[in-house]
Amino acid sequence: MNNSDISAAFDELGDLLEFQGANPFRVRAYRNAARTLKDLGEPLATIAANPARKLTDIQGIGADLADKIGVLLATGSLPQLEELRAQTPASVMALMRIPGLGPKKAAVLFKELAIQTLDQLRAACEAHQVQELKGFGKKTEETILAGLPLAAQAEVRLYWAEADVVAQDILRQLRKCQSIAQLEVAGSYRRGRETVGDLDILAVSSQPDEVMDAFVALDGREATLARGDTRMAIRMARGLQVDLRVVLAESFGAALQYFTGSKAHNVILRGMAKDRGLKINEYGVYRGEERIAGATEEEVYEAMDLPWFPPELREARQEFQWAAVGKLPELIELADIRGDLHMHTTYTDGRATLDEMVLAARERGLKYIAITDHSKRVTMARGLDGERLGKQWDEIDQLNATLDGFQVLKGVEVDILERGGLDLPDDVLVRADWVVASVHYGQNQPREQITERIIGALENPYVSAIAHPTGRLINRRKSYDVDLEAVFQVAHKHGKLMELNANPARLDLDDVACAAAKRHGIPIVISTDAHSTDQLDVMRYGIIQARRAGLTKADVANTRTWKQMQKLVGRKQA
DNA sequence: GCCGTTTTCGGCCCGACTGTTTTCAGTCG
């Protein structure tokens, strides 16, 4: 079992225990542990196998959970989990996906009416059995019926890039409301998570009713879910929920901090406040009745002697430890990027010509790009053999002769073949300035085989980097089963780079894996994999993911000049 | 279930909104 399997087991235990009405703090302990283990970046098996180390040194892992990790590693299952599963059909857990139905109400439905599936729940509502239950009523029954279709459709989280379009449109519309003094989108959107489940809008106004009227009038609103004095929630297309919170200017910082989260980050922050005899809520920081901070995020954090945290770091991972020693990383910014080292042209499956890509890259302020069209195995993209590649490289040489202050690198995205090895011979690759290698076929091979293929590519002296190293497509396709730890060790040994693919559907290496690669001393290269000129703009999504990983300008290779890059990858001077 | 320089028991972040309630529980973020 790997870390994410064990993390999933703890998450499931938390869900099942919550449904059983267990102590909520016990439930939280399982969920905290699940989150910590998913972010760990080092295999639990490695720690467990080392007698000099203890699993209980991991924050949130005590004697009990350490034992359970041991059992999971040794046997691949957990008796307690099996037992709980037997008591609670998986379909019952789906009841809790209905908005307004939590563990308590779901348990009542299960115990009183023996409801086990969403279909049975619908029938019970239609027979008006549900409204007779204690704690339920006519309204609850209607809410459940209205929520059934939402629970049936799998929970869809939008790509950050998609959420960004909706968020910017909402901001544009709300800015017309005269009574709004300040406006921000908080939540996981502000933290730059790769997917966003809902949007949290924060507005400063002394006229909450006017703001809410503007909110109701938004183009694209499909339903109003709640409306109170200061809080409101609506649903937009694709089931996207948008929450609005209206606060006074004196509370803006506290509210922005609070609604940006993450929840785990806030729990730690509030615990720190409590230790100091302070209380933090969304209105401010309080000592007794007296408010001592709240107008800005900076003063909220300062009240705890903490620096302002970039939202991307607020995941309760490393940020409080970094802050404690004054070593918060200075995160990379889009303007730091000098070159883009993965893109395609009409030679293969790109939609723009070589000249068009160069012009678009120069317009975006880049100093160099690598053209990395596909190799021949990728037949769907009309991949290049040595001869056609040579023709492209001749064209690049001629083009470079005409360019001033900009360089086009002769590159290729060489396919890592199913049986291992690369799709182009070394005598072709040696002539390239930059080679990215990637897996396109045989993605379902077993872990050892995929890992071996990628390691084989890293051992080729002419390969510069591995592109989209896990192959996942967010919401659509899982990662290959690759042992990244083993890959990183070999990459570091041979001085190779790893790509963070900036395409909003890929974004791999992800934040956790990027941070792990950094610990191995591997430079990250953030690339667009652009197949058209406008796709060069996806670079900003990669930057956000890199920031979430805590990467600085120095950690990202393509913030350097190409000359500096060449020293990094140990290739010949052009 | 975790945690500890007030510590090995008794805490564990905090408030808004809804619906079902005559004062609060459940859900949500």
Side-chain angles (χ1 to χ4, degrees), chain A residues 10 13-14 16-19 21-36 55-69 80 95-109 130-144 146-147 186-191 196-202 208 212 224-234 241-247 251 254-255 257-286 300 304 316:
Chain A
F10 284 171
L13 265 171
L16 288 162
L17 286 169
E18 181 179 46
F19 180 75
N23 177 348
F25 296 107
R26 188 175 166 216
V27 174
R28 197 172 86 185
Y30 278 103
R31 297 213 169 119
N32 277 342
R35 192 177 44 79
T36 303
L55 287 167
T56 50
D57 287 341
I58 303 167
Q59 183 67 30
I61 303 298
D64 184 88
L65 291 182
D67 278 349
K68 288 188 165 73
I69 292 170
Q80 185 195 8
L95 302 183
M96 289 192 283
R97 286 212 303 266
I98 295 170
L101 267 197
K104 294 282 179 3
K105 283 201 160 77
V108 170
L109 291 167
V130 170
Q131 57 174 279
E132 302 299 327
L133 295 169
K134 185 172 166 59
F136 291 66
K138 220 176 154 76
K139 259 322 224 323
T140 314
E141 203 171 76
E142 286 168 16
T143 306
I144 291 172
S188 56
Y189 170 83
R190 184 161 179 250
R191 301 201 309 281
V196 173
D198 56 28
L199 290 173
D200 300 285
I201 313 274
L202 188 63
M212 291 196 194
T224 298
L225 305 173
R227 178 169 179 166
D229 295 334
T230 63
R231 223 199 111 209
M232 185 169 167
I234 62 173
Q241 185 173 328
V242 186
D243 294 337
L244 169 72
R245 190 60 180 260
V246 187
V247 298
S251 293
Q257 192 287 318
Y258 175 62
F259 289 106
T260 297
S262 66
K263 188 172 180 163
H265 176 93
N266 287 356
V267 167
I268 292 173
L269 186 70
R270 286 168 188 227
M272 292 175 80
K274 204 161 208 174
D275 290 344
R276 292 163 181 247
L278 303 174
K279 183 179 78 167
I280 306 184
N281 59 27
E282 56 261 55
Y283 301 107
V285 182
Y286 294 85
V300 170
M304 250 61 62

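Remember, it's a predicted structure, so these values are computed and weren't measured experimentally. Every chain is numbered from 1 and lettered A, B, ... according to where its sequence line falls, protein lines coming before strand lines.
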Checklist line | B:dC14: pairing nucleotide in any strand, Watson-Crick or G-U under 3.5 angstrom | finding: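 Partner of B:dC14: B:dG29.
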Margin query: Donor-acceptor pair, distance only, cut-off 3.5 Å: does the side chain of A:Q241 make one with the backbone of A:D198?
Written below: no
Notebook entry, point to check: Okay, side chain of A:S262, backbone of A:H265: is any donor-acceptor separation there less than 3.5 Å?
Noted result: yes
Notebook entry, point to check: Is any side-chain heavy atom of A:L109 closer than 4.5 Å to a side-chain heavy atom of A:V130?
Noted result: yes
Next item on the list: Summarise how protein sits on nucleotides 9-14 of chain B as a single string, 5' to 3': B when a protein heavy atom is under 4.0 Å from the base, S for sugar-phosphate-only contact, - for no contact.
Entry: ---BBB
Within this structure, what is the [atom1]-to-[atom2] distance between [X] and [N], rounded to whole angstrom?
X: A:F19; N: B:dT27; atom1: CZ; atom2: P; answer: 11 Å
X: A:I144; N: B:dG26; atom1: CD1; atom2: C1'; answer: 12 Å
X: A:D198; N: B:dC28; atom1: CG; atom2: P; answer: 12 Å
X: A:L101; N: B:dA25; atom1: CG; atom2: P; answer: 19 Å
X: A:L244; N: B:dC17; atom1: CG; atom2: C1'; answer: 14 Å
X: A:K104; N: B:dC28; atom1: NZ; atom2: P; answer: 12 Å
X: A:L225; N: B:dT27; atom1: CG; atom2: P; answer: 17 Å
X: A:L202; N: B:dA16; atom1: CG; atom2: C1'; answer: 14 Å

Notebook entry, point to check: What residues, two or more places apart in sequence or in another chain, satisfy side-chain contact (heavy atoms from CB on, under 4.5 Å) together with A:F10?
Noted result: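 By the side-chain contact (heavy atoms from CB on, under 4.5 Å) rule, A:F10 matches A:I6, A:L13, A:Y30, A:A33, A:A34, A:L37, A:L65, A:K68, A:I69, A:L72.
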Nearest listed nucleotide, side chain of [X], among [options]:
X: A:T230; options: B:dA16, B:dC3, B:dG29; value: B:dA16
X: A:R245; options: B:dG26, B:dG1, B:dA16; value: B:dA16
X: A:A29; options: B:dG29, B:dA16, B:dG1; value: B:dG1

If you look at every strand shown and take non-hydrogen atoms under 4.0 Å, does [X] touch a base, only sugar-phosphate, or nothing?
X: A:P103; result: sugar-phosphate
X: A:I98; result: sugar-phosphate
X: A:F259; result: nothing

Work out how far the [atom1] atom of [N] is from that of [M], and round it to whole angstrom.
N: B:dG11; M: B:dT6; atom1: C1'; result: 13 Å
N: B:dC28; M: B:dT23; atom1: P; result: 25 Å
N: B:dA16; M: B:dG10; atom1: C1'; result: 28 Å
N: B:dT20; M: B:dG26; atom1: P; result: 14 Å
N: B:dC3; M: B:dC13; atom1: P; result: 14 Å
N: B:dT21; M: B:dT27; atom1: P; result: 15 Å
N: B:dG15; M: B:dT8; atom1: C1'; result: 32 Å

How close do [X] and [Y] get, heavy atom to heavy atom, and via which atoms?
X: A:M212; Y: A:T230; result: CE-C, 3.4 Å
X: A:E282; Y: A:Y258; result: CB-CD2, 3.7 Å
X: A:Q59; Y: A:T36; result: O-CG2, 3.7 Å
X: A:M96; Y: A:A106; result: CG-CB, 3.8 Å
X: A:T56; Y: A:A66; result: CG2-CB, 3.8 Å

Kindly give the atom pairs (protein nitrogen or oxygen, nucleotide nitrogen or oxygen) under 3.5 Å for nucleotides 19-23 of chain B.
residue: B:dG19; atom: O3'; partner: A:T140; partner atom: OG1; Å: 3.1
residue: B:dT20; atom: OP1; partner: A:G137; partner atom: N; Å: 2.8
residue: B:dT20; atom: OP1; partner: A:G137; partner atom: O; Å: 3.2
residue: B:dT20; atom: OP1; partner: A:K138; partner atom: N; Å: 3.4
residue: B:dT20; atom: OP1; partner: A:K139; partner atom: N; Å: 3.4
residue: B:dT20; atom: OP1; partner: A:T140; partner atom: N; Å: 3.1
residue: B:dT20; atom: OP1; partner: A:T140; partner atom: OG1; Å: 2.7

Item checked: A:L17 vs A:A106, nearer the 5' end of DNA chain B by closest nucleotide -> A:L17
Next item on the list: Given side chain to side chain contact (heavy atoms under 4.5 Å, CB included), test A:D200 with A:R245 step by step and report yes or no.
Entry: CA-CA 8 Å; A:D200 300 285; A:R245 190 60 180 260; over 6 Å; no
Note to self: Quick one about A:N266 and A:Q257 (side-chain donor to acceptor, distance below 3.5 Å, no hydrogens or angles considered), yes or no?
What the structure shows: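 Indeed, the side chains of A:Q257 and A:N266 share at least one donor-acceptor pair under 3.5 Å.
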